[in-house]
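One structure below.
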Amino acid sequence: MIEPKWQQTWEQQQAFRAFNPGDEIPAHHPFAVRHGADSMSREKVAGRQAPPKFYILDMFPYPSGAGLHVGHPEGYTATDILARYRRACGFNVLHPMGWDSFGLPAEQYAVKTGQHPRVTTEANIANFTRQIKSLGFSYDWSRELATTDVEYFKWTQWIFLKLYNSWFNPKTNSAEPIETLEYPKELQLVSDWNQLVYRSAPGEIISKEQEDDFKKEFQEDWNRDREKRRREYRDSKRLAYVSEAPVNWCPELGTVLANEEVIDGKSEVGGFPVIRKPMRQWMLRITAYAEKLLADLDTIDWSDSLKEMQRNWIGRSEGAVVRFKASQNDVEHIIPVFTTRPDTLFGATYLVLAPEHSFVKSLTTEAQRKAVAAYLDSIKAKSDLERTELTKEKTGVWTGSVATNPVNGQQIPIWIADYVLASYGMGAIMAVPAHDTRDFEFAQKFNLPVIQVVQPHDPMKDWRGYTDDGIAINSTGPDVFITGLFTSEAKTKIITWLETNGFGYKTINYKLRDWLFSRQRYWGEPFPIIWKKGPSGQPPYHEALPESALPLLPPTLEDYKPTPGGEPPLARAKDWLNLPDGSIRETNTMPQWAGSCWYYLRYTDAKNAQAFVGKDADSYWMASNGKAAGVDLYVGGTEHAVLHLLYARFWHKVLFDLGYVSTPEPFYKLVNQGLILGEDGQKMSKSRGNVVNPDDVLVEYGADAFRLYEMFMGPLQDVKPWNTKGVEGVYRFLGRVWRLFVDEKAETAFEQAETLAAENAEQRQELLDLILLDGGVTEIDATAAQLKTLHACIKKVTEDLDAMRFNTAISAMMVFVNEAITWQNKPLPVMKTFLQLLAPFAPHLAEELWARLHSTFGLRSSSLPYAPWPKFDPALLVESEIEIPVQVNGKFRDVIKVAADADNATIEATAKAAEKAQPFLAGKTIKKVIIVPKKMVNLIVA
RNA sequence: GCCGGUGUGGCGAAAUGGCAGACGCACAGGACUUAAAAUCCUGGGACCAUAAAAAGUCGUGUGGGUUCGAGUCCCACCACCGGCACCA
C-alpha cells in the first residue's frame, strides 16, 4: 500500500528529472534545494561548478507481448540503486528508460491478424511501463523514447544519410563527407574546359564561337561518361553501399539475416533454416573501423571476457599475401593467397581454392572438368549446416592445373575444397600440410606430399602437424633462404623478399565482415533512398533523399506479407513506392539494431527537434569526468556482446569522426548481469514451466522485497537460480526493519482494523495513522557502541556500492538491524542515517519511515533521495582492545586479547602465555616469532 | 580444438596471503499460543570421542609447489558454464 503512494509522490514531484545544461530548475525541486536553482546554468556548467554528472544506463528492452521477466529487473535494480546512491552523493544523475520497439513479433502478429504493428507495440509498451513503474525505479520518464517514434527514427534515418554520404579516408584514418573523396586521375572532372586542348585539322580555320562550342561539346561528352563512372566509384566508397553478394536468406522469416544472427545455419530468432542466396543488399562498411574498434577496447572498462569476445569477432591476424602464378590455356593467372605463416612457404605442397573462387572455371583442365563439376554440385546440395559440420571429412578435387611456388619454382597442384572459405582472406590458400592441421588432414586423405619446414623447439615433438613456432629447416631456394631462422625472423625475411620481388606483401586480415544492413520487413525504418532509372539500357542507380524529406514514414498496408514475387512488404504500397518522376523507393527496411545504435545519445537530449542531439547536452553527459569518456555505467545482458555493442561503437565512431559527438567511445564502463535461472536450476522457459513472473512476486512481497532479493541472490555478474524462499527471507528482513521503527501493539491494532476495512482504500489510508513509532526511538545521543555499529555499516555499504557488491551491502544492513533491534534506546540520528543507507535498496519503505520520523519529531520534511549520503568516521571504528589469533607452527591454536596499540614484545609475551597454545609449546624451544601487527602471531617451535 | 570464466556446508553465498563458512535459505530444538500462522531464542562442515562436553584430526574440484602461514599466489590436471569454431 505504501509503494504506490511513494511512486505517485515521486512522479508528482518529478523527483528524478535530470537537468541539462541551461535548463531552468523549479526552485522547489529537491535537486534545486540541494544544489541551487541555477546550478545547471550554462556558466556554471562551463565553469564546472555544476554538480558532476553521472550517466547510468540500462539496455532498453524489446517490449514483447510476454511482459517483463525476472531477468529484466535484475539489471534495472542494480542501476537504480546506484543511480539513487549517486544522487545522494551529489551527482546530477541521468537515468533514463525507453523501448527498442521495432521488431519481428509485432510484424508477425500483423501478418496473421492485419493489426498494425504500431498498435501491438504500443499496447506492449504500456504493459512494460506499468510493470517497470511498479518497481519504483528512479527513471527520468520525461526522456522516455521508443525507436518506433517518428521523432526518433527520423534521426535514425538522418544518421543513415550521414553514413551514406561519408567515406573512410585511409590517409586521415577517419570517416569524412563524401565530398572530400579523391577520385583516381582518370575520373577527375574537367572543370575548366579551357584547359582542354582543341586540335583543329591542319589548315582548318574556325571561329572563336565554333571553338567554344566544340570545347563545350567535348567537355560534356567527357564528363557525361565520367559522371557515371565517378558515381560508381563514389558509391563503391560510401560507408553505406549496395552489394550483390550472397546473403543469409531465411525463407521462413522472409528476410535476410546478418552473419551474427545466424547460428549453426539456423536463424537466431526462431531457429529456422537459412540458405545462401545472392541478393541486392545494403551494407555498412564496419570493416573500415576494424582496427579502431579493436584498439579502443583498451581505453574502456569492460570485462576481459567481453573484450575478448569482441576481439575474436574482429579477428585480426597479421600475415602476408603471396602471389602464385599459374598458366592455363595460355592465360596467365595470378592467384593471391593469404597466410599467417609466410615462413612455411617452402612447405607449400599444393594450393586450394574455395569452390566459389572466380578462377575455378578457368583453371580447370578439360580432363578434370567433369570431376570438378560433380564436386561443385555435391557442395551445392549440402546445406550450410552440413558445410560447417566440424567432424566431417575433408573433401576436394584437383583442377588439373598447377601453380609455381615463387620461392623455389616448384610446380604444385591447385585443388578445390570447401574447407577453404570464399569470404575470408583471398578465398584461396597455400597448403602447408606439415604445419597446419587442416592441410595435414587433407593431404593425408588425398596422398599429397608433406614436407617439414619447421623444427619444433622440443626435438622429441613430432613435426607432423606441428603448428607452433620453431626453427625453419629445408627452406633454402635459389634466391632466398630462411633455414635456421626462428619463425618470427623467418617471417620478416621472407616478407621482405616477397615485397622486393613483387611476389607478395605484408598485410592484416580481419574476420569481421561488413554489416548487412537491410531487411525485407515492414516494421523497421524505411531507407531514405530512391532508385533512379538509368539512361536507356543502363541499370538504375540510387540516390539519397535530402534531410528535409525526413522522416520518411512507412506506408499503411492491408497486408504485411511479402509480395507474391518475393518483394518486401513495402513494395505492396504502389502509390508510396512509385514517385512522379518514375523513380522508385527503396523497399528494404533497417534491422532492429539501427535504433539501438544511438538511443543512449538521444536520452541526453530527448526532445531536441533541431538535431539528433545537441552539442551542449552531448558534451555534458558524455564528458570524461576525469576518466575515459562516455556513459559512466551501462548494464545489460551478455547476449549483446558482439551485436549491439559492436554496432553501437561503430556508429559512435563514425559520428565522432564527422564531428557530431564529442567522444570516441559510447560506453565507458560496462557490466553484464548474470542470467537468472528457474528454481530448478534450469534456464527459465515456458516449456519447462519454471518462469517466474515479477507481477506475482510483487503482489506477494512488494517491490522493495523483490528489489532486495534480486540483489541479495549473489554477485550481479553471476548466473544464479531463483528461490522463492529467499524472497521470503529478505521480506522478513524488511519486516524487522519496520518493527525496528514501529510500535508493535499499534501495528497489531492497525492490522486488525485493516482487515475490517479492506475494501475501502481511503479508509485504509487513514488507518495508517494508527501506526505509531516505536517508543524506543528517541532524540538521545548515541552510545559509542551504537555509533560503531552504524559507522561500520556506513563503511561497508558505501564501499560495496562503489564496487557494485550489492549482496554484501545488504548483508551489512542485516547485521546492523540484528544488532539495533536489541537496543532499548534507538537514537534518532542513527536511525535516520540507517534509512539513508537503506533507501537506494528499498526506497518505498525507507521513504515511509523517513516521513514518519520527520513528522513524529516535528522535523522539517526533507527529500530522502537528495539527502547527502552519510560519511563514516574511521575514528569511531577504532578498537581499544583487539583479538589476535595465535598460531603455533602455522596452525591456529588460540586467540589473545591485547590493547590495539600493544607493542610486539607485549604481543609476543601474551601469545606465549596463551592457554590453549601451551600443550603445543611444552618442552619445545621457540625458534622464531612472526608478528603481523594487529593481525596475528605465529610461534615457530622446533 | 581455441579463448574467457567458475569450482567453498543440504542450498544462495562471504572471506586486503593471517580464526574458512559472515549474511540469508532450508533444517532441528525451544519460547509465546487452546492450536496454527507470525514473531522471538538456541543449534549447526565432516570425522573421532563422550552421558554431555572439552581437547584433537581432517576440510574450499584433484595433484604438486612457493610461504612462518594458501580458499586466496605459481605449475599441471579434472569438471562445469559462456563465447568462437575448417578464419589459413
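Here is how names work: the chains are called A, B, and so on, in the same order as the sequence lines, proteins then strands, and each is numbered from 1.
Ring pair A:Trp415/A:Phe442 is perpendicular by interplanar angle, where above 60° counts as perpendicular and below 30° as parallel.
The listed nucleotides are B:G24, B:C68, B:C19; the one nearest the side chain of A:Phe892 is B:C19. Minimum atom distance to the side chain of A:Met309 is reached by B:G82, of the listed B:G82, B:C25, B:A88. The side chain of A:Lys725 approaches B:C25 more closely than any other nucleotide in the set B:C3, B:C25, B:G12. The nucleotide whose nearest atom lies closest to any side-chain atom of A:Lys720 is, among B:G4, B:A88, B:G12, B:G12. Between B:G4, B:A88, B:G83, one nucleotide has an atom nearer to the side chain of A:Asn312 than all others, and that is B:G83.
Applying the 4.0 Å criterion to OP1 and OP2 of B:A13, one finds that A:Asn723 has every side-chain N and O outside that range. Under 4.0 angstrom from either OP1 or OP2 of B:C25 there lies at least one side-chain N or O belonging to A:Arg732. Here A:Ser317 reaches the OP1 or OP2 of B:A88: one of its side-chain N or O atoms lies under 4.0 Å away. Using a 4.0 Å cut-off, some side-chain N or O of A:Arg739 falls inside it from OP1 or OP2 of B:C40. In this model, the phosphate group of B:A14 is approached by a side-chain N or O of A:Asn807 to a distance below 4.0 Å at OP1 or OP2. In this structure, A:Arg736 reaches the B:G24 phosphate: one of its side-chain N or O atoms is under 4.0 Å from OP1 or OP2.
Pairing of B:G69, defined by two Watson-Crick or G-U wobble distances under 3.5 Å, is not identified with any nucleotide. Using Watson-Crick or G-U wobble geometry with both donor-acceptor distances under 3.5 Å, B:A54 finds no partner in any strand shown. The partner of B:C84, taking Watson-Crick or G-U wobble pairs whose two distances both stay under 3.5 Å, is B:G1. Base pairing analysis places B:U6 opposite B:A79; the two distances defining the Watson-Crick or G-U wobble pair are each below 3.5 Å. In this structure, B:G12 and B:C23 make a Watson-Crick or G-U wobble pair, each of the two defining distances being under 3.5 angstrom. The partner of B:U60, taking Watson-Crick or G-U wobble pairs whose two distances both stay under 3.5 Å, does not exist in any strand shown.
A:Phe440 has its ring centre no less than 6.0 Å from the ring centre of A:Trp463.
Taking only distance into account, the side chain of A:Asn938 meets the base of B:C68 through a donor-acceptor pair shorter than 3.5 Å. If you check distances only, the side chain of A:Gln717 never reaches the base of B:G5 with a donor-acceptor pair under 3.5 Å. Taking 3.5 Å as the limit, the base of B:U57 and the side chain of A:Lys891 contain no donor-acceptor pair of atoms between them.
B:C78 and B:G71 have their P atoms separated by 23 Å, given to the nearest Å. Straight-line distance between the C1' atoms of B:A35 and B:C47: roughly 42 Å, to the nearest whole Å.
Using a 4.0 Å cut-off between charged nitrogen and carboxylate oxygen, A:Arg805 and A:Glu799 do not count as a salt-bridge pair. Comment: A:Lys394 does not engage A:Asp439 in a salt bridge, judged by the lack of any side-chain N to carboxylate O separation of less than 4.0 angstrom.
Heavy atoms of A:Asn818 sit under 4.0 angstrom from primed sugar atoms or phosphate atoms, though from no base atom. Among the atoms of the strands shown, none is found under 4.0 Å from any heavy atom of A:Pro919. Within the 4.0 angstrom heavy-atom criterion, no nucleotide atom of any strand lies near A:Thr437. The residue A:Val932 sits close to a base: some heavy atom pair falls under 4.0 Å. Within 4.0 Å (heavy atoms only), A:Gly315 reaches no atom of the nucleic acid at all.
A cation-pi arrangement is absent between A:Arg649 and A:Trp313, since the terminal nitrogen or guanidinium carbon is not both under 6.0 Å from the aromatic centre and inside a 45° cone about the axis.
Between the side chains of A:Thr395 and A:Tyr375, at least one donor-acceptor pair of N or O atoms lies under 3.5 Å.
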